[in-house]
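Since the structure comes first, as structure tokens, the remarks are kept for the end.
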Amino acid sequence: MDTCGRWRVVRTMFETDRLPDGFRERCNQMDEVWLPSRFNLETYARAGVEETKLRLVPPGVDTQLFRPGVVPLQIPRKRTFNFLSILDWQLSKGYDALLLAYLQEFKPDEDVALVLKISWLNEPLADLETRLCYFVERRAGLRLEKAPPIIVIHGSVPRRDMPQLYAAADCFVLPTRGEGYGRSLMEALSCEVPVIATGWGCQSDFLTSENCYLVDHHVVPVPDDVDVEFFAGHQWAEPKVDHLRQLMRQVFTNQAEALQRADRGRADMVERYDWSVVIPKWVAEFRRLLD
């Protein structure tokens with residue numbers, strides 16, 4: 001690397017139990033490797049990155065921007081109770097587990113909807129509605145008129161409006177197989193929205209059974225035909241669809257309990273992960289290098 005400077009520092013992360021080819025070598029060329037979670041510390045060390053280079057430098061969330069009490073975003077066709085998921089359309093984010101759990105657990109005459117904000121498609125020209133229809137009919141085995149509603153939010157939502165999107169939800173669900181650090185999970189917690197998420201990976205630093213609902217899982221090999229090639233040969237979490245169904249039903253039927261956990265989640269974000277708490281840790285790291 002030709003980068004000039006007294007110190008060469010990389011801020012990085014990865015979602016599975018190991019690193020893609022070439023990551024270790026590039027990291028070992030740096031003076032320090034800053035990682036957002038203990039999960040990443042273990043993964044990078046196990047992959048052969050020199051442990052003396054590894055530093056835990058946590059992520060943060062703006063709890064003044066992402067807060068409860070904002071006006072909800074107007075979402076056409078939403079129902080009284082709305083699950084929200086913000087995710088990339090790729091296997092690592094568990095969209096298939098989410099859809100199966102929702103479609104198997106709820107009926108079209110129940111006052112519930114699933115709202116999807118898809119951030120990225122592997123195939124930019126793919127038609128998302130066509131894929132959803134195919135999934136409902138072929139994977140879930142339902143006729144469209146027999147399926148509970150799925151609402152897709154198209155286009156980008158400006159960051160300043162994201163708190164309104166969270167405010168429109170009664171529960172945020174992300175049965176992910178792997179996360180870099182889980183930004184949307186932190187934002188949902190900060191907005192005091194009940195959260196259901198997989199209890200594995202980078203988000204384990206801040207998700208607990210007190211502040212959210214953790215989906216049971218197995219750690220399994222990534223399929224050979226995975227849609228993102230550099231995950232092949234790794235392992236990740238496989239969320240249990242039956243348990244996800246139970247948790248979605250539990251939040252739907254016992255909203256008072258869910259709000260208690262959401263209150264704890266908000267408190268955890270304010271106390272431990274607000275930028276006013278995290279930035280001094282970053283500043284201390286920079287000062288350590290410059291002294």
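Formation of a donor-acceptor pair under 3.5 Å by the D88 side chain with backbone atoms of Q90 is not found in this model. Of the possible donor and acceptor atoms, one in the side chain of W7 sits under 3.5 Å from a partner among the backbone N and O of L289. Listed for the Q203 side chain is a donor-acceptor partner under 3.5 Å among the backbone atoms of W200. The backbone N or O of P158 sits nowhere less than 3.5 Å from a side-chain atom of D161 that would complete a donor-acceptor pair. Panel note: side chain Y181, backbone M186; no donor-acceptor pair is recorded below 3.5 Å. R139 places no side-chain N or O within 3.5 Å of a backbone atom of Y134 that could act as its donor or acceptor partner. Judged by distance alone, with hydrogens and angles left aside, the side-chain atoms of R266 form a donor-acceptor pair with the main-chain N or O of T63 at under 3.5 Å. K281 contributes no side-chain N or O that, together with a main-chain N or O of V57, makes up a donor-acceptor pair within less than 3.5 Å.
Looking only at side-chain heavy atoms (C-beta outward), P72 and Q164 stay at 4.5 Å or farther from each other. Put simply, the side chain of L99 reaches to within 4.5 Å of the side chain of L114, judged on heavy atoms. At least one side-chain heavy atom of Y102 sits under 4.5 Å from a side-chain heavy atom of I150. Between R261 and N211 there is no side-chain heavy-atom pair separated by less than 4.5 Å. The shortest side-chain heavy-atom distance between P59 and P36 falls under the 4.5 Å cut-off. Counting only heavy atoms from C-beta outward, the side chains of L98 and L116 approach each other to under 4.5 Å. You'll find the side chain of N40 reaches within 4.5 Å of the side chain of C202, heavy atoms only. Contact annotation: the side chain of Q255 never approaches that of V251 to less than 4.5 Å [non-hydrogen atoms, C-beta and beyond].
In summary, the aromatic rings of W34 and F286 are positioned with their centroids under 6.0 Å apart. Close placement of the F231 and F14 rings is indicated, their centers lying within 6.0 Å of each other.
One hydrophobic cluster, built from ILVMFWY side chains closer than 4.5 Å, holds both L142 and Y95. The cluster map of Ile, Leu, Val, Met, Phe, Trp and Tyr, joined by side-chain heavy atoms under 4.5 Å apart, puts V112 and I151 in the same cluster. Residues V61 and V70 do not share a hydrophobic cluster, defined by chaining ILVMFWY side chains whose heavy atoms lie under 4.5 Å apart. When the side chains of ILVMFWY residues are joined at heavy-atom separations under 4.5 Å, either directly or via intervening members, L259 and F83 end up in two distinct hydrophobic clusters. With hydrophobic clusters built from ILVMFWY side chains whose heavy atoms lie under 4.5 angstrom apart, W236 shares a cluster with V219.
Counting all heavy atoms, side chain and backbone alike, V270 lies closest to V277 at O-CG2, 3.9 Å. When all heavy atoms of R160 and L65 are compared, the pair lying nearest together is O-CD1, 4.3 Å. Nearest heavy-atom pair, R6 versus D31, reported as atom, atom and distance to 0.1 Å: O-OD2, 4.0 Å. Heavy atoms only, all atoms of each residue included: P194 and A258 are closest at CG-O, 3.7 Å. Counting all heavy atoms, side chain and backbone alike, A97 lies closest to L244 at O-CD2, 3.6 Å. Nearest heavy-atom pair across A237 and T198 is CB-CG2, 3.9 Å.
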In sequence, state the C-alpha distance, the side-chain angles, and the governing distance for H154 and E129, and then conclude on side chain to side chain donor-acceptor pair (under 3.5 Å). CA-CA 11 Å; H154 290 280; E129 278 79 3; 2.5 Å; yes
Q.
The test is side-chain contact (heavy atoms from CB on, under 4.5 Å); show your working for L91 and D96 and say whether it passes.
A. CA-CA 7 Å; L91 282 175; D96 53 333; 3.8 Å; yes
So F81 and T253, side-chain contact (heavy atoms from CB on, under 4.5 Å) or not? Walk me through it.
CA-CA 10 Å; F81 190 100; T253 58; over 6 Å; no
- Message: Determine whether N82 and R79 satisfy the following criterion, side-chain contact (heavy atoms from CB on, under 4.5 Å), listing intermediate values before the conclusion.
- Response: CA-CA 6 Å; N82 300 278; R79 293 195 169 183; 4.2 Å; yes
task: Please lay out, stage by stage, how T176 and L87 fare under the test side-chain contact (heavy atoms from CB on, under 4.5 Å).
output: CA-CA 9 Å; T176 177; L87 72 167; over 6 Å; no
Salt bridge (charged side-chain N to carboxylate O under 4.0 Å, His left out) for K93 and E179? Distances and angles first, verdict last. CA-CA 8 Å; K93 301 309 175 187; E179 287 297 306; 3.1 Å; yes
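By the ring-ring contact (aromatic ring centres under 6.0 Å, His included) test, Y213 is found to be paired with no residue, residues two or more places apart in sequence or in another chain being considered. Legend: residues meeting side chain to side chain donor-acceptor pair (under 3.5 Å) with E51, ordered by chain and number and at least two apart, are absent. Every residue meeting the side chain to side chain contact (heavy atoms under 4.5 Å, CB included) condition with E50, not counting sequence neighbours, appears here in chain and number order: N28, T52, K53. With sequence neighbours left out, the side chain to side chain contact (heavy atoms under 4.5 Å, CB included) criterion links R143 to E145, K146. Residues meeting the side chain to side chain contact (heavy atoms under 4.5 Å, CB included) test with A267, sequence neighbours left out: R264, E271.
Distance check, rounded to the nearest 0.5 Å: CZ of F172 to CD1 of I196 gives 11.0 Å. Here the straight-line distance linking atom CD of E32 with atom CZ of R8 works out to 12.0 Å at 0.5 Å rounding. Note that CG of L214 is 7.0 Å distant from OG1 of T208, once rounded to the nearest 0.5 Å. Distance check, rounded to the nearest 0.5 Å: SG of C171 to CG of L84 gives 9.0 Å. Summarising the geometry, atom CD belonging to E105 is positioned 12.5 Å from atom CG belonging to L100; distances are rounded to the nearest 0.5 Å. In this structure, CG on L73 lies 8.5 Å from NZ on K78, to the nearest 0.5 angstrom.
E110 has no carboxylate O lying under 4.0 Å from a charged side-chain N of K107, or vice versa, which leaves the two without a salt bridge. The existence of a salt bridge linking D205 and R38 is confirmed by a sub-4.0 Å separation between a basic side-chain nitrogen and an acidic carboxylate oxygen. Note on R177 versus E238: salt bridge recorded, some NZ/NE/NH1/NH2 to OD/OE distance being below 4.0 Å.
Listed by first then second residue, pairs satisfying ring pair (Phe, Tyr, Trp, His ring centres under 6.0 Å) with a partner in residues 257-278 read F206-Y273, not counting sequence neighbours.
Residues Q250 and E257 bring a donor and an acceptor atom of their side chains to less than 3.5 Å of each other.
Residue-environment remark: CZ (R18) exceeds the threshold of 12 foreign heavy atoms within 6.0 Å. Atom CG of D21 sits in a sparse spot, with 12 or fewer heavy atoms from other residues, nucleotides or ligands closer than 6.0 Å.
Only one option out of E187, R67, E192 pairs with Y166 in a side-chain hydrogen bond (donor to acceptor under 3.5 Å, both in side chains); it is E187.
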